[in-house]
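To start, the structure under review is shown below, and the notes come after it.
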Amino acid sequence: MLILRRTTNLKTAILRCLSTSSAPVENRKCRLLVVGGGSGGCTMAAKFGKHFNKGEIFIVEPSDTHYYQPLFTLVGGGIKKLADCGKPMKSVLPDTAKWIKDSVTEFNPQRNSVTVSRGDEITYDFMIVATGLQLNYDKIPGLVEALNVPNTGVCSNYSYKYVNRTYEILKQFKSGNAIFTYPNSPVKCPGAPQKICYIAEDFFTRNGIRDKVNITYNTSLPVLFGVKKYADALWKVVEKRNINVNLRCNLVEVKHKEKVAVFQNLDVPEQLTEMEYSMLHVTPPMSTPDSLKKCTDLVNDLGFVNVNKDTLQHFKYPNVFAIGDCSATPNSKTAASVAAQSNIVYENMKAVMENQPLKGKYNGYASCPLVTGYGKCILAEFDYDLNPLETFPISQDKEMWLMYTMKKDFMPPLYWHLMLNGKWNGPGAVRDLLHFNFSK
């Protein structure tokens with residue numbers, strides 16, 4: 001049985017003062033190890049923090065700042081500021097957990113341990129892998145240089161390092177080609193690459209230069225969006241706004257001195273096309289972190305943690321679970337998915353700790369607020385089978401101000417004050433209430 005314990009002795013008080021550590025951790029052992037301090041890691045540490053003594057949970061995370069990344073799209077459109085997106089990492093981690101400010105360089109699930117960059121080994125009884133995805137800007141020749149020198153017209157909303165460039169380029173734009181890309185890899189928030197395309201089109205229209213801009217969305221995918229209901233709605237948007245869409249078209253090189261982007265036809269790989277641009281918004285290729293990918297005992301052939309898509313428990317190591325973007329579950333990688341997964345991981349891992357059967361089952365829920373301009377948004381919600389799983393008792397395939405307001409003003413405080421504190425498990429209960437489904 002999972003025992004709830006609270007201690008107030010001198011040892012606990014000392015541990016509280018040392019709850020953040022950049023000093024060597026030597027050979028430390030913890031009850032629960034959480035690898036990653038992003039959405040999933042913080043949420044799970046908060047949930048389990050209620051049931052462990054001080055210091056029994058370790059969180060390994062190297063970053064000083066925690067970012068609410070779904071707002072980056074709005075920063076790129078000048079709707080929010082980057083300062084609105086971040087908080088000090090220490091402020092979002094639970095006080096009951098020990099923060100190891102470092103990176104995992106090696107996973108050793110056979111020994112129930114990880115090694116951090118300082119060389120220290122941390123052993124655990126249970127582990128939650130919540131590393132998220134890494135941004136591989138360097139995989140596209142010329143891209144890193146283009147993002148780090150001025151006046152190239154190249155930007156990317158996916159990193160706090162570059163997101164402010166997007167709005168700066170929008171404000172400076174006079175005429176020419178504006179190109180937006182989606183890479184040939186899994187990505188977090190797969191709607192984001194086209195959201196900024198719609199926001200930019202609206203920006204150009206409002207500033208009276210739309211007739212001087214040729215807008216193109218080049219995506220490696222064979223569809224505009226994975227769920228047909230919302231894809232049909234988005235095709236109407238791009239047709240109405242005269243946005244060119246090229247499917248199976250992947251960015252492979254940036255020649256920023258010539259302001260030329262090179263694209264590959266994924267159906268005819270030897271076919272390369274050069275396109276001139278005045279603005280180029282790049283979504284970088286992504287993958288799980290290198291340290292995770294190289295642990296073949298933990299991951300599948302693509303480098304994602306090999307967990308059961310229903311229970312989120314590892315197939316080989318029952319004391320290991322994964323949450324969020326790094327898991328091999330075939331759902332859309334969004335913060336909303338993390339919220340829906342969090343209680344499944346919590347209930348099932350708790351069951352393992354108590355030698356009970358696993359009952360929690362994740363249905364693949366994901367949500368993507370598809371911002372289509374200033375004051376407009378289509379709220380896509382769907383499950384593993386790409387069937388709509390909508391919260392509101394109305395059809396959500398329309399551009400609505402209400403959904404935009406939720407994205408901009410309601411979801412950020414929900415994230416900071418409920419989700420990261422382990423108190424938000426997604427909108428399932430709200431959906432049942434609004435659809436009069438009281439059978440659960």
Side-chain angles (χ1 to χ4, degrees), residues 39-40 43 68-74 182 186-196 198-199 219 221 223-237 309-310 312 323-325 327 329-345 360-373 375-415 418-419 423-440:
S39 302
T43 299
Y68 176 53
Q69 296 178 45
L71 275 187
F72 283 5
T73 291
L74 302 188
Y182 187 112
V187 301
K188 50 186 172 182
C189 193
Q194 59 184 293
K195 295 178 195 179
I196 188 58
Y198 304 133
I199 291 173
T219 174
L221 298 176
V223 292
L224 184 56
F225 194 77
V227 181
K228 185 179 185 303
K229 176 177 182 175
Y230 306 117
D232 290 346
L234 292 170
W235 276 116
K236 293 177 183 178
V237 171
K309 73 181 184 68
D310 299 322
L312 306 179
I323 188 170
D325 300 349
S327 76
T329 53
N331 59 283
S332 185
K333 309 300 187 183
T334 69
S337 301
V338 173
Q341 291 172 357
S342 65
N343 206 50
I344 306 301
V345 172
K361 186 175 181 179
Y362 174 51
N363 62 3
Y365 173 81
S367 172
C368 186
L370 293 155
V371 178
T372 53
K376 295 175 283 189
C377 179
I378 295 171
L379 181 58
E381 296 180 282
F382 45 95
D383 62 15
Y384 269 140
D385 298 322
L386 301 181
N387 294 318
L389 190 60
E390 297 178 338
T391 297
F392 295 91
I394 55 175
S395 185
Q396 294 175 194
D397 60 343
K398 307 290 189 298
E399 296 177 283
M400 287 183 268
W401 173 85
L402 172 62
M403 304 309 182
Y404 175 84
T405 300
M406 285 184 56
K407 161 75 174 176
K408 182 172 74 77
D409 299 320
F410 177 75
M411 292 181 182
L414 182 150
Y415 178 84
L418 293 180
M419 182 172 164
K423 299 176 181 177
W424 175 251
N425 302 319
V430 177
R431 183 185 309 114
D432 291 340
L433 178 65
L434 293 179
H435 290 267
F436 303 102
N437 181 9
F438 304 114
S439 60
K440 295 182 180 180

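Given the structure is predicted, the values throughout are model-derived calculations rather than measurements.
The heavy-atom pair separating N331 from G364 by the smallest distance is CB-O, 3.8 Å. T329 approaches L312 most closely through the heavy-atom pair CG2-CD2, 3.4 Å. Heavy-atom minimum distance, G324 versus K333: O-NZ, 4.1 Å. Across every non-hydrogen atom of T372 and C377, the tightest pair is OG1-N, 3.9 Å. Between V338 and S39 the shortest heavy-atom distance is CG1-C, 3.9 Å. Shortest non-hydrogen contact noted between L434 and T391 is CD1-O, 3.6 Å.
Using the six-membered ring where Trp is involved, F225 and Y230 have ring planes that are perpendicular, over 60° apart on the 30 and 60° scheme.
Under 4.0 Å is where a charged nitrogen must lie from a carboxylate oxygen, and between K228 and D232 at least one such pair does.
Looking at heavy atoms from C-beta onward, P193 lies out of side-chain contact with T219 at the 4.5 angstrom threshold. Contact annotation: the side chain of T73 approaches that of I199 to within less than 4.5 Å [non-hydrogen atoms, C-beta and beyond]. Between P427 and Y365, the closest side-chain pair of non-hydrogen atoms falls below 4.5 Å. Considering only heavy atoms from C-beta on, E399 comes within 4.5 Å of V237 through its side chain. Side-chain contact between D310 and Y362 is absent, with no heavy atoms from C-beta onward closer than 4.5 Å. Counting heavy atoms from C-beta on, the side chains of L370 and Y198 never come closer than 4.5 Å.
Using a 3.5 Å distance cut-off with no hydrogens or angles, the side chains of T334 and S332 do not pair a donor with an acceptor. A donor atom on one side chain and an acceptor atom on the other are not found under 3.5 Å apart for Q194 and Y182.
Sorted by first then second residue, the salt bridge (charged side-chain N to carboxylate O under 4.0 Å, His left out) pairs that include residues 386-396, not counting sequence neighbours, are K229-E390.
Rounding to the nearest 0.5 Å gives a distance of 10.0 Å between CD1 of I323 and OG of S337. Interatomic distance, CG of D397 versus CD1 of I394, reported as 10.0 Å (0.5 Å rounding). In this structure, Q396 CD and L389 CG are separated by 9.5 Å, a value rounded to the nearest 0.5 Å. To the nearest 0.5 angstrom, I378 atom CD1 is 11.5 Å from K195 atom NZ.
Contacts of F72 classified as ring pair (Phe, Tyr, Trp, His ring centres under 6.0 Å), with partners at least two apart in sequence or in another chain: Y67.
T43 places no side-chain N or O within donor-acceptor distance of the main-chain N or O of G40, the cut-off being under 3.5 Å.
Annotation: cation-pi pair K309/Y384 present, NZ/CZ under 6.0 Å from the ring centroid and within 45° of its normal.
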Enumerate donor-acceptor pairs with a distance under 3.5 Å from any side-chain N or O in residues 403-414 to protein atoms, sequence neighbours excluded.
{"unit_1": "T405", "atom_1": "OG1", "unit_2": "W401", "atom_2": "O", "d": "3.1"}
{"unit_1": "K407", "atom_1": "NZ", "unit_2": "P70", "atom_2": "O", "d": "2.7"}

